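Below is one structure, written out as structure tokens; the observations come after it.
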Amino acid sequence: MKREKKEEDMLLRGRMADAAEIPRELALSLPVLRAVGRQEIRIENYRGIREYTQELIRISTKSGEIRLTGRRLGIEYYTNAEMKITGLVSAIEYRQQKEG
């Protein structure tokens with residue numbers, strides 16, 4: 001029941017964003033990822049860094065978690081608005097926040 005309500009709210013906010021010509025990622029607080037090959041990932045709309053090693057970086061977002069795995073991963077910089085991750089990225093995984 002809660003999940004259905006949450007999905008309906010997201011759809012409604014998406015439609016309102018479209019009508020107001022506001023980017024959906026801003027209206028819905030969705031993370032934005034930009035990849036340059038496998039060597040660089042830029043992430044916007046994130047909440048924080050949950051885990052950081054050279055093989056795994058876990059980033060929390062409003063909707064859940066983003067997991068980057070690879071080799072020689074490093075966070076080149078991060079601000080409140082954006083972070084840049086470099087290294088050899090082998091996988092990007094999205095994990096939805098659990099209802100609770």
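This is a predicted model, so every value here is computed, not measured.
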- prompt: Can you tell me if Ser60 uses its side chain to pair, donor with acceptor, with the backbone of Gly48 under 3.5 Å?
  reply: yes

message: Is it the case that the side chain of Thr61 and the backbone of Pro31 share a donor-acceptor pair, with hydrogens and angles ignored and the cut-off at 3.5 Å?
response: no

message: Return the OH to CD1 distance between Tyr78 and Ile43, rounded to the nearest 0.5 Å.
response: 13.5 Å

query: How would you list, by chain and number, every residue that makes a salt bridge (Lys or Arg N to Asp or Glu O under 4.0 Å) with Arg50, sequence neighbours excluded?
result: Glu65

- prompt: Any chain of hydrophobic side-chain contacts (each under 4.5 Å) joining Ile41 to Ile49?
  reply: yes

- prompt: Salt bridge or not for Arg42 and Glu44, using N-O below 4.0 Å?
  reply: no

- prompt: Are Ile66 and Leu30 linked, directly or through other ILVMFWY residues, by side chains that come within less than 4.5 angstrom of each other?
  reply: no

- request: Show your reasoning for whether side-chain contact (heavy atoms from CB on, under 4.5 Å) applies to Ile59 and Arg47.
  value: CA-CA 7 Å; Ile59 308 295; Arg47 285 191 168 171; over 6 Å; no

- request: Hey, could you give me the CE/OH distance between Met83 and Tyr46, rounded to the nearest 0.5 Å?
  value: 4.0 Å

statement: With sequence neighbours left out, the residues meeting side chain to side chain contact (heavy atoms under 4.5 Å, CB included) with Leu88 are Arg38, Gln39, Arg71

task: Could you check if a side-chain atom of Tyr52 sits within less than 4.5 angstrom of a side-chain atom of Ile75, using non-hydrogen atoms only?
output: yes

query: If you round to the nearest 0.5 Å, how far is CD1 of Ile57 from CD1 of Ile85?
result: 4.5 Å

- request: Would you check if Tyr94 and Arg67 make a side-chain contact, meaning some heavy-atom pair closer than 4.5 Å?
  value: no

- request: With the side chain counted from C-beta on, respond yes when Leu56 and Leu73 share a heavy-atom pair under 4.5 Å apart, and no when they do not.
  value: no

message: Tell me every residue that passes side chain to side chain donor-acceptor pair (under 3.5 Å) with Arg95, counting only those two or more places apart in sequence or in another chain.
response: Glu93

